[in-house]
Structure formats: C-alpha cells, structure tokens
Number of protein chains: 2
Amino acid sequence: MTEDGTLLGVAHTGVPPQVDRDDCGLREVLDRVGDRWSVLVLSLLEDGPRRYSDLRRAIDEISQRMLTLTLRGLQRDGLVTRTVTPSTPPSVHYALTGPGRTLSTEVGALLHWARQHRDYIEEHRMRYDGALATHRGPG
Amino acid sequence: MTEDGTLLGVAHTGVPPQVDRDDCGLREVLDRVGDRWSVLVLSLLEDGPRRYSDLRRAIDEISQRMLTLTLRGLQRDGLVTRTVTPSTPPSVHYALTGPGRTLSTEVGALLHWARQHRDYIEEHRMRYDGALATHRGPG
DNA sequence: CGGGATCCCCCGCGATACTG
DNA sequence: CAGTATCGCGGGGGATCCCG
C-alpha cells in the first residue's frame, strides 16, 4: 500500500471510490483463498511436493472429493503442478508453482495477522454478544 | 514468515505436518475475509469513515441485508466501529478500528498479488480448459 | 435514513459407491 | 493408489416487505 492509503488503488480525485473498476481479480483471488481447503493445501505444499494420499492423511477431515476439486482448481489457476509417475500402483504428486508460492506467502502474512489478533477478536465477540443479550434480556 | 518457510508454523521435526494444531484462528480470519463483501467494505473504509447509505451506493450490487450483516460481523469482531448521530433523519457512520486497518492492509497485499498475477491465472485457466476440451473432444 | 424479519433459491460441500 | 459420479443437505446470500 502506498501513502495514499487506498486499498483499492483509487486515487483521491475527489469522487467517492466505487468498486466497479477495482474488481479486477480481487473476487477471483478471494474465491480461491476463501474456500474451505485451498489455503490449507497451499500451505501444506510449502514444505515441498506431496502425494495425493499424503495430503489426504495430513488433512484427514477433508473428503477425497474436495481434495480433488481443490487440487484441480489450484492446478487450473497455475498455482500447483500435478505430476504423474506411471508405476504400479501409480503415484501422483503435487507441488507449488512460483505464483503458488508467492500466494501462500501472502496468505501466510494473513495467518500471522490472525494469530496476533485472535484473542482480540475472541474477546470482542464475547463482549458484543454479551451486550446484545443485555439489550434483549436473558430470556 | 520465517526462514523455515512453513506457512502454518509447523517446525521441521521430521514428522509430516498435520493441520490440527495450526487451525488456530486461520479459519476464522478466512471466513471473515472470504465472504462476499467484507474485504470490499474494509477497503472502502480505508479512506475514512463512511455512512451506511454511502457504502451502499459505493458497492451498489450489494443488498442492504448483506451490507448490514457484513457490517455487524466486522463490528462484532472489533474491526469497525458504528457511530450513531441522533438527528432527523438519523445518521450512522462506520470506521475502521486499529486492527481493522492492519487487516485491510494485509488484504491489500493480497489484492496486490491478485493484480500482478491476474493475467497469469487467466491465461492458465484458458489453457487448462482448452486442454480438457481436447482430451474429451469438442462435444 | 438505517435497518430488522421473512421467504426462497442456489451451490459448496460431505457421504457414499464405483473405476482404471 | 488416485481418482470419478451421483445424491442430498445446510447455509450463504438475494428479493421483498415493514418499522422507528
């Protein structure tokens, strides 16, 4: 971010910033990162290539359907590569591409923020919910 | 991120990293940031406080229901403040808190990444889809 | 003006079963 | 081992109406 402090890159021209022109790619990235599993897979791949079943065991709450879908999506966007070793039984491993790696770095920063503000958010939620209960009465 | 390059903060102890212990706050932040409107609102507030109807016009594809829900969520987490000016008609404005500002900065970095890799992703998708069509035949 | 309540639809996701 | 195909649900989110 620059000194103008405008997240969406809209210069201070006097008009209130609109969202039309800033949509460029934002939603797509957030959809990618915002789904249930992508960042988890991305982060697991930071240590190096991993096999399909390896990822499956590492996450283990994930269904094989969602793991496949997630990997396909990441592969489609060029964030991971899929490499098949034709053997019996066949072996497939996935690895981050360059962009995949830089993305997971960005996401890592977000995770860092999450850690730092976890308690703050937690406490704020409790206070907010508590205040609500007060306003509306306990019953 | 430190030099170990592990997004989830799992040290290289020789065991494959699991996701159980790293869930700390990650999902919550991603749920917050991953929904359809939060980051947009966050980013619009970077320029300073805004009134409800002002935000509504700025986004304009958003329903008032979702704007309200989004603002409530951000407020609940202590990321924005809600200030009522009792007048006729009443006026309500929203502003970022400190944590809200740092979060939107992080999100801004993600947006920057999105801009830089937009074309890459776009092209990669087209190639991926094109290759799929080739494998399965034109229909 | 700034919302709350309600209805409804879509689809992300999980569970399960089958294949090369 | 590494997927694919099908079914079904839960809830996120839009549309609409109403209120102080």
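Values below: all heavy atoms of this structure, side chains included; hydrogens, waters and symmetry mates excluded. Throughout, a chain's letter reflects where its sequence line sits, starting with A, and its residues are numbered from 1. Only a predicted model underlies this, so the values are computations on that prediction, with no experimental measurement involved.
- Residue A/Leu67 contributes atom CG, which lies 11 Å from atom P of D/dT4 at whole-angstrom precision.
- Between atom CD of residue B/Gln64 and atom CG of residue B/Leu69 there is a gap of 10.0 Å, rounded to the nearest 0.5 Å.
- Checking the phosphate oxygens (OP1, OP2) of D/dG3, a side-chain nitrogen or oxygen of A/Tyr94 falls inside 4.0 Å.
- Close to C/dG3, at under 4.0 Å from its OP1 or OP2, lies a side-chain N or O of B/Arg72.
- Proximity of the aromatic rings of B/His124 and B/Tyr128 is defined here by a centroid distance below 6.0 angstrom, and this criterion is not met.
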Note to self: Each nucleotide in nucleotides 8-20 of chain D should get exactly one letter: B, S or -. Can you fill that in based on protein heavy atoms under 4.0 Å?
What the structure shows: -----BBBBB---
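- Computed from coordinates, the A/Arg51 CZ to D/dG3 C1' distance equals 13 Å when rounded to whole Å.
- The shortest distance between side-chain heavy atoms of B/Leu67 and B/Tyr94 does not fall below 4.5 Å.
- With values rounded to the nearest 0.5 angstrom, A/Thr97 atom OG1 is found 10.5 Å from A/Gln75 atom CD.
- To the nearest 0.5 Å, the span separating OG1 on A/Thr102 from CD on B/Gln116 amounts to 8.0 Å.
- A/Ser53 has a side-chain polar atom (N or O) that falls below the 4.0 Å cut-off from OP1 or OP2 of D/dA2.
- Among the nucleotides D/dC1, D/dG3, C/dG3, the one closest to any side-chain atom of A/Arg82 is D/dG3.
- Residue A/Thr88 is out of contact with every strand shown, counting any heavy-atom pair closer than 4.0 Å.
- With hydrogens and angles ignored, the 3.5 Å screen pairs a side-chain donor or acceptor of B/Arg32 with a backbone N or O of B/Gly73.
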